[in-house]
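Remember, it's 1-based here, ligands and their atoms both numbered in the order they're listed.
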Amino acid sequence: MDPLTLTRPDDWHLHLRDGALLRDVLPHTARQFARAIVMPNLAPPVATCEQAAAYRERILKCLPEGSDFEPLMALYLTPRTTAQEIERAAASDFVHGVKLYPAGATTNSEAGLASLEAAHPVFEAMQASGLPLLVHGESTDPACDVFERERVFLEQTLAPLLERFDTLRVVVEHITTRDAVHFVESAAERVAATITPHHLLLNRNALFEGGIRPHHYCLPVLKAEAHRQALVEAATSGSAKFFLGTDSAPHLRSAKEQARGCAGIYSAHAALELYAEAFESAGALDRLEAFASFHGPDFYGLPRNRGRVTLRRERWDVPAIYQAAGAELVPLRAGESVGWKLAGASR
Ligand code: NCD
Ligand code: ZN
């Protein structure tokens, strides 16, 4: 088992941002992943194929020399999105999904949907073309308990949507609860989910260990240990419905360490290594490859990668900060260590 060689993986949920921050975080992802679904929650949002094409070009320009990393684009679903735009997206070879943000649910979600009703023609067009809907699954009812938001959204919003649009393909993004695991497991094959490394490794105690810990704050927020265990079971089960999506979401240190700190955990610097730790703790390293490299492309109807990556069982120290956009970015495990190290990648 040592070292560990896998088919080159992909990241099916990633925030790359733009400008100088994009330039400085992209190499972390490109060194290990062949492709990534790039989330469209810029301000203003990446809402049209034209905007997605332009964003894709900016990403390609920032790639390190010689990298063959391929950004897979997603459109941001706004109240102004038309069925025609969906048809254009489905006919393109670079848009692979449409992201639903309930308005107010998370970072840069203000341009999202306050209600799904008006978007029914869009869902119609998506289900006709097979373009998947990527869902931030949290209730935005301010009265809803923050730890219940995912379950409530799935029950009250996503279940009726799946019933009404009965061939719509859906990825429930960054699931965090046992309820979401059961929801996805018992749904039809057209419903899948991504799981982050932080939700596999941390429970909500990590938010308060030795004082309040803004760098462990993300959305959906970390949950109780029983939920973490259900996620580990799902990820390591071998079920093709669950696949890798880091939700690596860089925010500068100054924006995280605030009276109202931003939500988002930066994990791109050690993503695959952190998943390896989680799978190893569950005694399931032999299941990592399918989760990281097979289930995602199979769901999206894309070819599996041909290259390989090798991980060595070697402890390394994660820096306390990375320099990014001329400022400081605090990564997951800052100042601590990771037990696996990426040793190489081939095409
Ligand atoms: C993400 C971000 O910062 O863009 N934050 C997060 O906590 N996950 C948005 C998101 O995916 O919810
Ligand atoms: Zn995200």
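Listed by chain and number, residues touching ligand 1 at under 4.0 Å (heavy atoms only) are His13, His15, Arg17, Asn41, Thr106, Thr107, His136, His174, Cys218, Leu219, Asp247, Ala249, His251, Ala263, Gly264.
Note on Arg333 versus Glu273: no salt bridge recorded, every NZ/NE/NH1/NH2 to OD/OE distance being 4.0 Å or above. A salt bridge between Glu70 and Arg8 is absent, with no side-chain N of the basic residue lying under 4.0 Å from a carboxylate O of the acidic one. A salt bridge links Arg253 with Glu328; the closest basic N to acidic carboxylate O contact falls under 4.0 Å.
Below the 2.8 Å limit, the Zn ion (ligand 2) has as protein N, O or S neighbours His13 NE2, His15 NE2, Asp247 OD1.
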> Is there a side chain to side chain donor-acceptor pair (under 3.5 Å) between Gln127 and Thr167 once you walk through the steps?
Replying inline: CA-CA 6 Å; Gln127 90 171 350; Thr167 61; 3.2 Å; yes
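Geometrically, Arg204 engages Phe147 in a cation-pi contact, judged by NZ or CZ lying under 6.0 Å from the ring centre and within 45° of the ring axis. Taking the ring axis of Phe279 as reference, the NZ or CZ atom of Arg287 does not stay both within 45° of it and closer than 6.0 Å to the ring centre.
Considering His174, His199, Glu173 in turn, Glu173 is the only one that fulfils the side-chain hydrogen bond (donor to acceptor under 3.5 Å, both in side chains) rule with Thr194.
Between the side chains of Gln229 and Glu233, no donor-acceptor pair is found at a separation under 3.5 Å.
Asp11 contributes no side-chain N or O that, together with a main-chain N or O of Ala36, makes up a donor-acceptor pair within less than 3.5 Å.
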